[in-house]
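Structure, as structure tokens:
Only heavy atoms go into these numbers, but all of them, side chains included; no hydrogens, no water, no symmetry mates. Below, chain A is the first sequence line, B the second, and so on; all start at residue 1.
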Amino acid sequence: MDRKSAEFRAVFEQVHCSFDRFIRTTEPEHVRVVQRVFARLRDSGDVYRGRYEGWYCLPCETYFLEKDLLEGSCPDCKRPVTRTQTEAYFFRTSAYADRLLRAIEDRPSLIGPESRRNEVVAFIKQGLQDACISRAASEWDIPVPDDPTQTIYVWFDALVNYLTAAGYLQDAEQLAAWWPAGVQVMAKDILVRFHATIWPAMLMALGLPLPERIFAHGYWLTGDGEGERKISKSAGDLVNPLETAEELAQVSGCKTEVAVDAVRYFLLREVTFGLDGVYRTEAVMQRFNDDLANDLGNLLNRTLPLVERFTGGTVPAPGPAAGALADPIATAAERTRAALADLDLSGALTAVWQLIGAGNRFIDERAPWDLHKAGKTVELEATLYDMLDALRVVGLLVSPFMPVVAREIWAQLGLGDPAVQASWGDCTAGRLAAGGRIVRGQPIFPRIDLRRAGARAQSRRAGQAPQPQERPRVPEPEAPRTEVTTDEFARLDLRVAEVVAAARVEGKDRLLQLTLSLGEETRTVAAGIAQQFPPETLVGKRVVLVANLKPAKIGGVPSHGMILAAGESQPLAIVTLDRDCPLGSKVR
RNA sequence: GGCGGCGUAGCUCAGCUGGGUAGAGCGCGCGGUUCAUACCCGCGUAGUCGGGGGUUCAAGUCCCUCCGCCGCUACCA
């Protein structure tokens, strides 16, 4: 389980998902909260001890209802079942049916999408039974307080997890900040009975407010063959989005991180959030070219050269003629905001793309090259400013969907990290500071040659060995840039660290595994310096760590950063400090 | 079985509680442009809105029915 948890965290990072709190049901604090919740509900009478009777399959350890039996046998293993009854605790769901219906009626937006809300209402109206929330003691479930014969069903404690994470029964201030949740999102198959029925009933029983919104998302179907079907592991058509991203990166030549963002874009743009969608790699590629390369990427890459040419790369002052894009910007921001509030993620992106379209049209209409020829400097500079300013807002609006791309756009505009100052107020025309320097880089989304990509996919599908195909031409870097801006440099997080332990890595004679202390934090870093620097000579040394380097596994060692050393292909000297300073100090 | 949803241009889909010549993106056709990643801009193309019947001055939009597809129908986070 620990390994699974680590895997989940790693995937979150790889797909650029951040979180405020990652919680596991095994946390000791959670166990305490669950038991207190259970005890409280038992005291109030919402939980009572009763008897459960049903058809039991011994090998499967599962109860079945009469109607679910297959010719009187277990529907799973086909073996005979026996009429059995056990003692168990029940939650009085039945007492809350009216209140649940009223809550849904009072606030139609409580449960979404709408079709799901209908299902929930139908489910409640057919009559609620009390929910069995415990079973004969098992070692991995949480024990019922004061009753060693029973443990609490996982789904009950899983729901309570939301409260534990919000600080319930631990920190009133934290709870007030996080609860009620603005929105709870889950898969559609666990919406109806758990998240839209028992869960709100539990909250009512505890006297807690309900979430603002409970929303079920759909599934992705594969559409590779004839028709669509649910992606299933057993059918072997499991899609790994990271593999699509890798393929995208290869076939386009973009960075893997950008490709990951592109897949995120596809997933959020392609379907109405909440409904099922069809996932096809070709469709991802298509959107990559149409939306990202042609529309967004191209807008950036036709703006920057113009600025370089006509102002020498400096953001011009807007002047009185600027502001021509103020309306499209305001409209896009407002539509995006409204769509997000409504969980219409696709609609939000559509709104941003309307602004991108307006930007592309604007360049054609204004024709800055003509303004330049005509010597209309004021208009020219206003036009360039408006273009850059619009891109600035596009970066901001796009940042929740594609954080890496947004940062890249802003970097090329000579700005920092959009996430740092993201606020709706910044999505207004005219907030771009004049005088900054743009930093033109490589195209973020190199266009994919779809014919070539298609052939590649076909050979893959035919099961042939991947052809040793020449990498599609990546645009040659122009003259290597010798200058960087302070903003670019500031993206590196350099820190003072002390080597607290160093060890050789078995089977890797060049590799050392270093344990570094940053004061508060301890890190593991792999370094290819074993041949020049025996581990024992390093312990106690103060070194400089690149702390925000993307984590990687090097020779089997998970490495979170790198230390600085002099030398071209071989390390000649380690960078150390000439006097003492606190561990973790920033280096700049 | 019961309840609910879907079926709209070649493709993927918007079209709220009834009303202005049925929309978007992609594709396709024509034209323009050359700042840009053979890109962008403009114009155009097409749909008996699943079939049939009904209500109404007026219906993808309401009612009935038929066909096809899908979901929910409790103790499996």
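- Atom P of nucleotide B:G4 and atom CD1 of A:I111 are separated by 17 Å, given to the nearest angstrom.
- For the C1' atoms, the distance from B:G68 to B:C62 is 23 Å, rounded to whole Å.
- Checked against B:A74, B:G71, B:U37, the side chain of A:Q129 finds its nearest nucleotide in B:A74.
- Of the nucleotides present, B:C67 is the one that pairs with B:G7 by Watson-Crick or G-U wobble criteria, both distances under 3.5 Å.
- Of the possible donor and acceptor atoms, one in the side chain of A:T197 sits under 3.5 Å from a partner among the backbone N and O of A:V192.
- As rounded to the nearest Å, B:C49 and B:A9 have C1' atoms that lie 10 Å from one another.
- Across all strands shown, A:I363 has heavy atoms under 4.0 Å from base atoms, whether or not it also approaches the sugar-phosphate.
- Note on ring orientation: taking the six-membered ring where Trp is involved, the planes of A:H217 and A:F273 are tilted (angle from 30° to 60°).
- Closest to the A:W155 side chain, of the nucleotides B:A14, B:C75, B:U12, is B:C75.
- The interatomic distance linking A:M387 (CE) with B:A36 (P) rounds to 11 Å, in whole Å.
- On the C1' atoms, B:C67 is 29 Å away from B:A24, given to the nearest whole Å.
- Atom P of nucleotide B:C72 and atom NZ of A:K188 are separated by 7 Å, given to the nearest angstrom.
- Taking a cutoff of 4.0 Å between a charged side-chain nitrogen and a carboxylate oxygen, A:R135 and A:D141 qualify as a salt bridge.
- Nucleotides B:G23 and B:U65, compared at atom P, are 32 Å apart to the nearest Å.
- A side-chain donor-acceptor contact under 3.5 Å links A:S94 and A:D130.
- Candidate nucleotides B:U12, B:A77, B:G5 were compared by shortest atom distance to the side chain of A:N118, and B:G5 ranks first.
- Here A:F156 and A:Y153 keep their ring centres 6.0 angstrom or further from each other.
- Comparing B:G15 with B:A58, their P atoms sit 27 Å apart, to the nearest whole Å.
- Closest to the side chain of A:Q286, out of B:U73, B:A77, B:C26, is B:C26.
- Separation of the P atoms belonging to B:U37 and B:G44 is 30 Å when rounded to the nearest angstrom.
- Comparing atom distances between the A:V192 side chain and each of B:A14, B:C72, B:C75 picks out B:C72 as nearest.
- Rounded to a whole angstrom, the distance from the P atom of B:C26 to that of B:C39 is 12 Å.
- Distance noted for atom P between B:C11 and B:U17: 26 Å (whole Å).
- Summarising the geometry, the separation between CG on A:L159 and P on B:C75 is reported as 16 Å, rounded to the nearest angstrom.
- For A:W369, the listed nucleotide lying nearest its side chain is B:U34; candidates were B:U73, B:U12, B:U34.
- B:C43 and B:G29 make up a base pair, with Watson-Crick or G-U wobble contacts both under 3.5 Å.
- In summary, A:R392 and A:D389 engage in a salt bridge, as defined by a charged side-chain N under 4.0 Å from a carboxylate O.
- Here B:G4 presents its C1' atom at 13 Å from CD of A:Q126, a figure rounded to the nearest Å.
- One finds no salt bridge joining A:R361 and A:E365 here, because no Lys/Arg side-chain nitrogen approaches an Asp/Glu carboxylate oxygen to under 4.0 Å.
- What separates CZ of A:F194 from C1' of B:A74 is a distance of 7 Å, to the nearest Å.
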inquiry  = Treating primed atoms plus P, OP1 and OP2 as sugar-phosphate and everything else as base, which nucleotides of nucleotides 39-44 of chain B get B, S or - for protein heavy atoms under 4.0 Å?
reply    = SSSS--

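- Less than 6.0 angstrom separates the ring centroid of A:W199 from the ring centroid of A:Y162.
- Here the side chain of A:T93 pairs no donor or acceptor atom with the backbone of A:I198 at under 3.5 angstrom.
- Regarding contacts with the backbone of B:C76, a side-chain N or O of A:Y153 is found under 4.0 angstrom from either OP1 or OP2.
- For A:R193, a side-chain nitrogen or oxygen approaches OP1 or OP2 of B:U73 to under 4.0 Å.
- Whole-Å rounding puts the A:E114 CD to B:G5 P distance at 9 Å.
- The CZ-C1' distance, from A:R440 to B:C35, rounds to 10 Å in whole Å.
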